[in-house]
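What follows is one structure encoded as structure tokens, with my remarks underneath.
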Amino acid sequence: MQFEAMLHAARTSANINDFALVTMLGLLGLRIFEACGADIEDLREEHGHRVLKVRGKGSKVVLTPLPPAVQRAIERAVDRREAGPILRNRRGGRMDRHAATRRLHHLADEAGISLPRMHPHMLRHTFVTTMQVSGIAADASFGSSGDSARGGAVGWLWVSSARCCGDG
């Protein structure tokens with residue numbers, strides 16, 4: 001339910017990057033540096049599906065399918081640009097992890113979420129929880145998030161099993 005509130009705050013934010021940021025972290029399970037490092041040129045079609053080429057830890061490159069909500073959020077952030085970073089700061093440059101973390105704190109405040117230590121990785125944990133609630137095996141959900149093992153995964157934003165994506 002906290003994740004739904006965060007999605008709502010991001011979707012209704014005046015900052016066009018917020019919804020893309022939250023969906024990339026919480027619905028794709030990207031790390032903060034992966035989301036901030038994504039470029040418009042990394043978007044493509046593969047086998048009839050819209051995908052994002054993600055550069056992860058250890059220079060691993062993965063094509064990640066984009067669910068419709070994430071695709072719409074990214075299109076909104078891209079705003080008809082043809083090149084450059086997907087997520088931008090106020091000056092139009094690439095959003096860095098510090099600016100992204102500040103945006104997430106702002107959105108959490110807007111959503112009424114008060115956690116003692118809110119950090120961006122919580123949305124990645126939320127992704128894994130959402131996959132497990134949806135019936136996807138733990139090894140598959142951690143595999144798709146790029147984690148090799150479950151150890152150390154602590155702290156999530158709680159999701160309701162009935163409606164995780166708030167796509168309305």
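Note that the numbering runs from 1 along the sequence shown for the chain.
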Any heavy-atom pair between the side chains of [Y] and [X] that's under 4.5 Å?
X: Asn15; Y: Leu21; answer: no
X: Ile86; Y: Ile40; answer: yes
X: Ser13; Y: Arg103; answer: yes
X: Asp18; Y: Thr12; answer: no
X: Leu28; Y: Pro67; answer: yes
X: Glu110; Y: His106; answer: yes
X: Gln71; Y: Leu43; answer: no
X: Val70; Y: Leu52; answer: no

Measuring from atom [atom1] of [X] to atom [atom2] of [Y], what distance do you get when rounded to the nearest 0.5 angstrom?
X: Phe33; Y: Lys57; atom1: CZ; atom2: NZ; value: 7.0 Å
X: His8; Y: Leu107; atom1: NE2; atom2: CG; value: 11.5 Å
X: Leu87; Y: Ile16; atom1: CG; atom2: CD1; value: 10.0 Å
X: Arg97; Y: Arg102; atom1: CZ; atom2: CZ; value: 11.0 Å
X: Leu27; Y: Phe19; atom1: CG; atom2: CZ; value: 7.5 Å
X: Arg44; Y: Arg50; atom1: CZ; atom2: CZ; value: 10.0 Å

For [Y], does its backbone N or O pair with a side-chain atom of [X] as donor and acceptor, under 3.5 Å?
X: Glu45; Y: Val51; answer: no
X: Asp96; Y: Ala99; answer: yes
X: Arg76; Y: Ala20; answer: no

Given Lys53, which of Thr64, Val62, Val61 fulfils the side chain to side chain contact (heavy atoms under 4.5 Å, CB included) condition? Val61
Write down the atom of [X], the atom of [Y], and the distance for their closest heavy-atom approach.
X: Arg94; Y: Pro85; answer: NH1-CB, 3.5 Å
X: Cys36; Y: Ala100; answer: SG-CB, 3.8 Å
X: Asp42; Y: Gly37; answer: OD2-O, 4.2 Å

Atom CD of Glu82 with >12 non-hydrogen neighbours under 6.0 angstrom: no
